[in-house]
Amino acid sequence: MSLMNYVKRVFIYPIKYSKSEHYKMVLVVRSDITMGKGKTAAQCAHAAVECCRQISANEKYQQIYESWLFQGQPKIVLQISDKEKLMSLASNARKAGLIISIIKDAGKTQLKSGTISTLGIGPGPKHLIDDLTSQLKLL
């Protein structure tokens, strides 16, 4: 994303929110790579922690973050068929003004170093995330 597009997204097209809005986080795991249950859980945890780190550090998103925490931190784990689709989804989520985290494995256990395994999206407005991810299946 170019610097100009980033500036436009942050300052000209911010996400609108209200206290009655429902928020969620989505963790999207690639189904074309083999990971054990524990590895998958760890990759999802990395994505969730990174999304939380980003949103808590950004004053513009504080209302969303606090509302999401108050609502019980809803999150869902979905699967996606390959890296290209994951990266396309990440790009679309970023363009929509959502927080994202792309997890690249360190290569110490089951995956090769640099393998992109998981995408975190949100916390963000449920309707906005659902628009991007409704075609994906539960993991």
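Residues: numbered from 1 along the sequence shown.
Taking CG from L89 and CZ from R94, the interatomic distance works out to 11.5 Å, rounded to the nearest 0.5 Å. In this structure, CG on D131 lies 11.5 Å from CG on N92, to the nearest 0.5 angstrom. Note: Q79 CD to L27 CG = 13.5 Å, rounded to the nearest 0.5 Å. The distance from atom OH of Y65 to atom CD1 of I99, rounded to the nearest 0.5 Å, is 11.5 Å. The line from NE2 of H127 to CD of E21 is 4.0 Å long, rounded to the nearest 0.5 Å.
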**Residue pair M35, L111: steps toward the side chain to side chain contact (heavy atoms under 4.5 Å, CB included) verdict** = CA-CA 8 Å; M35 295 186 284; L111 302 175; 3.8 Å; yes
**Request:** Could you go through the side chain to side chain contact (heavy atoms under 4.5 Å, CB included) check for L119 and I103 one step at a time?
**Result:** CA-CA 6 Å; L119 167 66; I103 303 305; over 6 Å; no
**Message:** For a side chain to side chain contact (heavy atoms under 4.5 Å, CB included) check, start with the C-alpha distance between I102 and M87, then their side-chain angles and the critical distance, and finish with the verdict.
**Reply:** CA-CA 8 Å; I102 297 170; M87 296 305 289; 3.8 Å; yes
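Within the 4.5 Å cutoff, the side chain of K24 has heavy atoms near those of the I76 side chain. W68 is listed as a side-chain neighbour of M25, based on a closest heavy-atom distance under 4.5 Å.
The two atoms that bring L98 and P125 nearest to each other are CD2-CD, 4.0 Å, heavy atoms only. For I64 against P123, the heavy-atom pair with the smallest separation is CG2-O, 3.7 Å.
With hydrogens and angles ignored, the 3.5 Å screen pairs a side-chain donor or acceptor of R30 with a backbone N or O of I116.
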Scan the side chains in residues 132-139 for donor-acceptor partners under 3.5 Å anywhere in the protein, sequence neighbours excluded, and list what turns up.
residue, atom, partner, partner atom, Å
T133, OG1, I129, O, 2.9
S134, OG, D130, O, 3.3
Q135, NE2, L132, O, 3.4

Side-chain donor-acceptor pairs of residues 44-57 under 3.5 Å, sequence neighbours excluded:
residue, atom, partner, partner atom, Å
E50, OE1, R53, NE, 2.9
E50, OE2, R53, NE, 3.4
E50, OE2, R53, NH2, 2.7
E50, OE2, Q54, NE2, 3.1
Q54, NE2, I100, O, 2.9
S56, OG, C52, O, 2.9
S56, OG, R53, O, 3.2

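For residues 70-87, the set of pairs meeting the salt bridge (Lys or Arg N to Asp or Glu O under 4.0 Å) definition, not counting sequence neighbours, is empty. Within the structure, the side chain to side chain donor-acceptor pair (under 3.5 Å) test picks out the following pairs touching residues 115-125 (sequence neighbours left out): Q43-S117.
Judged by distance alone, the side chains of S67 and Q71 never bring a donor and an acceptor atom under 3.5 Å apart.
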